[in-house]
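Report on the structure given below.
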Amino acid sequence: MKIRLDNSMLFSLDATLCCGQTFRWEKRSEWWYGIVRDTVFKIRQKKNELEFENTSPSFVNSYFGLNDDLQKIYREICKDNYIKQAIKMSKGLRILHQDPWECLVSYICATYKNIAAIRQMLHELSHRFGEKIRFEGVDFYAFPTSEKLGKTSVTELTQCGLGYRAEYLYSTARTIYIDNFDLKLLRKESYEKAKLELLEFPGVGAKVADCVLLFSLGKLEAFPVDVWIKRVILKYYSEHFPKEFVMRAFCRKSLSKAEYERLNCFGREYFGEYAGYAQEYLYHYERTKQ
DNA sequence: CAAGTGCCTTTATC
DNA sequence: AGATAAAGGCACT
């Protein structure tokens, strides 16, 4: 099946899947293969056309955020020359609407890891605990459910290379499974309320919560601050902070809670209701330029 | 090639 | 409140 993208509907499949917001997509020749919930599907882009198999146009529209008005978002977040450059570099990058459970697990695992390592952990988790799905003669693995992960053991999770994250994931999975907690319901809550609820889960701090809110719960105002974004703000937006604050934050390896709050609030106030989009463009730009 | 550094941080403990 | 340490292990240089 195909979707035509008219000129106003800026979209780059590659930028969207490569920018680091999602970890399990695989590119084989020109097709991208993905597993969302219990379905494997593939998709490719040819200029102004999206072609896909084994899924529906409405799912593609929703999952890839094709309903977001990118032109409007660019107008809103384009506050200065630096973000302008970042946007120019990754035109058509969109925030995905990921599955909240998979997203939550992904970012609990992501703390203090690089992207290659995160991919490996999630692959291992899926391979061991996810349902096998055959597609085009190849074995894929669905993302394991909270029930499945809540019923394993910390030891088995540790064997997936999770390290100290195994305990957090185990408790979170158990809570969600036993309480029958529906993460999707957080979509209806405000950003602040949904964030407070996410912070209750072990292994979820402000940064992880903001990622889940942005990448799976439709909170486009969320502005996750990781080490890259921290550097971007301190380097290119330092005039918005006292010199002393910038110096101190630069020297420290990790952010204190107060420092996180300060950078996070700056992002949301400065870039506005689509701050999350600004974050993703800045993040991707900082990591790929040069 | 070995060894060091860094990684989309959170939590526990002062 | 605010600082500090500890917690896998992989990837990159």
Side-chain angles (χ1 to χ4, degrees), chain A residues 15-25 86 90 93 95-96 98 102-125 127-128 153-173 175 195-217 219 222-235 244-245 247-264 267 275-290:
Chain A
T16 300
L17 293 179
C18 290
C19 69
Q21 61 178 316
T22 186
F23 304 101
R24 298 219 304 143
W25 282 84
S90 312
L93 185 163
I95 303 287
L96 295 171
Q98 300 187 54
E102 175 167 348
C103 193
L104 176 62
V105 176
S106 300
Y107 283 95
I108 287 176
C109 291
T111 66
Y112 214 56
K113 282 278 188 186
N114 54 43
I115 288 177
I118 298 162
R119 291 178 65 95
Q120 173 132 354
M121 286 187 287
L122 296 176
H123 176 83
E124 202 59 39
L125 276 177
H127 196 88
R128 283 174 85 116
S153 62
V154 175
T155 316
E156 282 193 274
L157 294 178
T158 306
Q159 285 165 1
C160 296
L162 298 196
Y164 64 90
R165 300 162 196 80
E167 299 255 14
Y168 300 146
L169 178 54
Y170 181 71
S171 319
T172 294
T175 307
K195 188 167 182 176
L196 284 177
E197 292 210 44
L198 287 172
L199 289 171
E200 292 294 310
F201 294 110
V204 179
K207 156 66 171 59
V208 172
D210 277 325
C211 286
V212 176
L213 289 163
L214 176 59
F215 300 134
S216 71
L217 294 172
K219 305 302 180 200
F223 190 83
V225 181
D226 69 319
V227 287
W228 297 91
I229 289 298
K230 177 188 108 171
R231 285 198 284 258
V232 169
I233 297 178
L234 297 180
K235 272 197 283 185
E244 189 188 290
F245 174 82
M247 297 278 269
R248 231 165 22 110
F250 233 126
C251 296
R252 306 167 57 83
K253 335 161 225 324
S254 60
L255 291 172
S256 71
K257 208 170 175 179
E259 287 166 333
Y260 183 94
E261 219 54 39
R262 195 154 181 185
L263 297 176
N264 175 258
Y277 260 99
Q279 189 272 3
E280 209 48 24
Y281 278 91
L282 292 172
Y283 173 79
H284 192 48
Y285 185 47
E286 182 70 6
R287 286 174 50 93
T288 54
K289 70 177 180 183
Q290 199 277 311

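To find a chain, count down the sequence lines: A is the first, B the second, and so on, and within it residues start at 1. Since the structure is predicted, the reported quantities are computational estimates derived from the model, not experimental observations.
Looking only at side-chain heavy atoms (C-beta outward), A:Thr16 and A:Trp25 stay at 4.5 Å or farther from each other. Using a 4.5 Å cut-off on side-chain heavy atoms (C-beta onward), A:Val208 and A:Tyr168 make no contact. Considering only heavy atoms from C-beta on, A:Val232 stays 4.5 Å or farther from A:Tyr285 through its side chain. Using a 4.5 Å heavy-atom threshold, the side chains of A:Pro202 and A:Glu167 count as separate. A heavy-atom distance below 4.5 Å is not found between the side chains of A:Thr175 and A:Glu200. Contact check for A:Leu17 versus A:Leu96: side-chain heavy atoms found under the 4.5 Å cut-off.
A:Glu167 comes within 4.0 angstrom of nothing in the nucleic acid, heavy atoms only. Within 4.0 Å of A:Tyr260, counting heavy atoms only, lies no atom of the nucleic acid at all.
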Protein heavy-atom contacts under 4.0 Å, written 5' to 3' over nucleotides 1-13 of chain C as B (base), S (sugar-phosphate only) or - (none), form the string --SB--BBBBS--
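Applying the salt bridge (Lys or Arg N to Asp or Glu O under 4.0 Å) test to A:Lys195 and every residue at least two apart in sequence or in another chain returns A:Asp210. Judged as a salt bridge (Lys or Arg N to Asp or Glu O under 4.0 Å), and not counting sequence neighbours, the contacts of A:Glu102 are A:Arg24.
Considering A:Leu122, A:Thr22, A:Val212, A:Leu125 in turn, A:Leu122 is the only one that fulfils the side chain to side chain contact (heavy atoms under 4.5 Å, CB included) rule with A:Ser106.
When the P atom is compared between B:dC8 and C:dT4, the two are found 24 Å apart, to the nearest whole Å. Nucleotides B:dT13 and C:dG8, compared at atom P, are 15 Å apart to the nearest Å.
Few gaps surround CD on A:Glu197; more than 12 heavy atoms of other groups in view lie less than 6.0 Å from it.
For C:dG8, the base adopts the syn conformation, since its glycosidic angle falls within 90 degrees of zero.
Listed in residue order, the members of residues 203-210 of chain A having a heavy atom less than 4.0 Å from DNA chain B are A:Gly203, A:Val204, A:Gly205, A:Ala206, A:Lys207, A:Val208.
Projected onto DNA chain B by closest heavy-atom contact, A:Ile115 and A:Phe201 fall at different nucleotides, the more 5' of which corresponds to A:Ile115.
Reading DNA chain B from its 5' end, the first and the last nucleotide to sit under 4.0 Å from a heavy atom of chain A are B:dG6 to B:dT11.
Heavy atoms only, all atoms of each residue included: A:Cys109 and A:Leu162 are closest at SG-CD2, 3.8 Å.
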Please report the C-alpha distance between A:Lys230 and A:Tyr260 in whole Å, then the side-chain angles of each, then the deciding distance to 0.1 Å, and finally whether the side-chain contact (heavy atoms from CB on, under 4.5 Å) criterion is met. CA-CA 9 Å; A:Lys230 177 188 108 171; A:Tyr260 183 94; over 6 Å; no
Taking Watson-Crick and G-U wobble pairs with both distances under 3.5 Å, convert DNA chain B into its dot-bracket string, 5' to 3', dots for unpaired and | for cross-strand pairs. ..|||||.||||||
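Close placement of the A:Tyr107 and A:Phe23 rings is indicated, their centers lying within 6.0 Å of each other.
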